[in-house]
Amino acid sequence: MAALLLDIQAGDEVIMPSYTFVSTANAFVLRGGVPVFVDIRPDTLNIDEKLIEAAITRRTKAIVPVHYAGVACDMDPIIEMAREYKLMVVEDAAQGMMASYKGRSLGSIGDLGCLSFHETKNVISGEGGALLVNNPKLVERAEIIREKGTNRSQFFRGQVDKYTWVDVGSSYLPGEIIAAFLWAQLEEAQPITKRRLDIWANYHAAFKELEVAHRLRRPILPDTCQHNAHMYYLLLKDLEDRNRFIDQMKQKGVNCVFHYVPLHSSPAGRRYGRTHGSLAVTESVGDTLVRLPIWVGLAEEQSLVIDAAKQILM
Ligand SMILES: *Cc1c(COP(=O)(O)O)cnc(C)c1O
């Protein structure tokens, strides 16, 4: 929907990190857009705002900051640059529900913000998401696009006497049952977030010593960000160290996963996108990051995870 609202045409460029999920790029590629991948910051693993300006061309339409792990991108310089070059900003806040930047909720800062309620996120409805339309100029068309390109919403409000096909669109609405499930989750969003933050803090305290001993690196939180404990990850020494860790954790009964294969190095990323500058940080993080299990129901098992990890990393 965001790509439709931005009216992305064949060849239009969209600047985004390569260290993200495929959906960030797919949304624009489906409209003929070209993802232009720039590197991430070594601290937050978010798009490096200092690298964006050099990647802007005459074809650039939008910047897509991804708030990785629910830790905000540095939005002030990004918004400023977008204003200067007349670009749209679409926040990929898929992981950002209940997190904020300088007190502002993630997804509410750019022209558009995309949340995900996929089962792997903090607040879920199985599949689904929300589009936050912050730019008032886009609201009317957003209503039409989500209703299969019809003016049905205006009809329900009595603004037109019949409804008809007026634009492109698709069926972007959740059904009643999914919406009801999501409503219950939204009502619990604060306790869910609080519980996850406690679990996150346990991990963070547990791995401090190993970080001091230069055995790993823990997540870094800038003080402009209130995060939502979407993820707890560790950065290990190299690819071999990371893969050995995952194997040994598996032998101890703990399933740890890594992600992402950087999009610029994937077959579709190479076909549909291009890079701007070195993506050295992206490639290094793609090799060394491992996620530890985290979900709202994680209780006593957390100490098993911590003990297993420490045994391997000591
Ligand atoms: C989960 C995720 C998405 C995709 O969300 P869907 O609800 O599956 O569309 C996009 N971007 C990021 C960064 C994600 O983590």
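Predicted model only: the values in this text are computed from it and were never measured. Whatever order the structure lists ligands and atoms in, that order sets their numbers, starting from 1.
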Heavy atom of C114 under 4.0 Å from ligand 1?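 Not so, C114 does not reach ligand 1.
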ask   = Hey, is H67 one of the residues with a heavy atom under 4.0 angstrom from ligand 1?
value =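 It does not, in that no heavy atom of H67 comes within the 4.0 Å cut-off of ligand 1.
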Counting only heavy atoms not in E211, do more than 12 sit closer than 6.0 Å to its CD atom?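 Buried by this count: over 12 neighbours within 6.0 Å.
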Checklist entry - Just wondering, more than 12 heavy atoms not from E80 lying within 6.0 Å of its CD? => result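 No.
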* Indicate, with yes or no, if the rings of H259 and Y233 have centres closer together than 6.0 Å. =>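 No.
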Nearest protein heavy atom to [atom], by residue and atom, and its distance?
atom: atom 15 (O) of ligand 1; answer: Q95 NE2, 2.8 Å
atom: atom 6 (P) of ligand 1; answer: S116 OG, 3.5 Å
atom: atom 11 (N) of ligand 1; answer: D92 OD2, 2.7 Å
atom: atom 4 (C) of ligand 1; answer: S23 OG, 3.6 Å

Identify, by atom number and element, the atoms of ligand 1 in contact range of [X], meaning under 4.0 Å from any of its heavy atoms.
X: T20; value: 13 (C)
X: T24; value: 11 (N)
X: V66; value: 13 (C)
X: G128; value: 7 (O)

Exercise for the section: Closest by any non-hydrogen atom to atom 1 (C) of ligand 1: pick that one out of H259, K121, E127, H118. Expected result: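 Checking each option, the heavy atom nearest atom 1 (C) of ligand 1 is found in K121.
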Exercise. Atom 3 (C) of ligand 1: which of A94, P17, G70 has the nearest heavy atom?
Worked result: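 Of the listed residues, A94 has the closest heavy atom.
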Problem set entry | Basic-acidic side-chain contact under 4.0 Å: D76, R104 |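 A salt bridge is absent here (no side-chain N lies under 4.0 Å from a carboxylate O).
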Salt bridge check: are K310 and E209 linked by an N-O gap of less than 4.0 Å?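 Salt bridge absent between K310 and E209.
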**Prompt:** With a 3.5 Å cut-off and no angle check, do the side chains of D74 and Y101 form a donor-acceptor pair?
**Reply:**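 D74 vs Y101: donor-acceptor pair found between side chains.
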What pairs with D198 under side-chain hydrogen bond (donor to acceptor under 3.5 Å, both in side chains), at least two apart in sequence or on another chain?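 Scan of D198 (side-chain hydrogen bond (donor to acceptor under 3.5 Å, both in side chains), adjacent residues dropped) gives K194.
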With sequence neighbours left out, write down each residue that passes side-chain hydrogen bond (donor to acceptor under 3.5 Å, both in side chains) with N26, or none if nothing qualifies.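 Result, side-chain hydrogen bond (donor to acceptor under 3.5 Å, both in side chains) vs N26: none returned.
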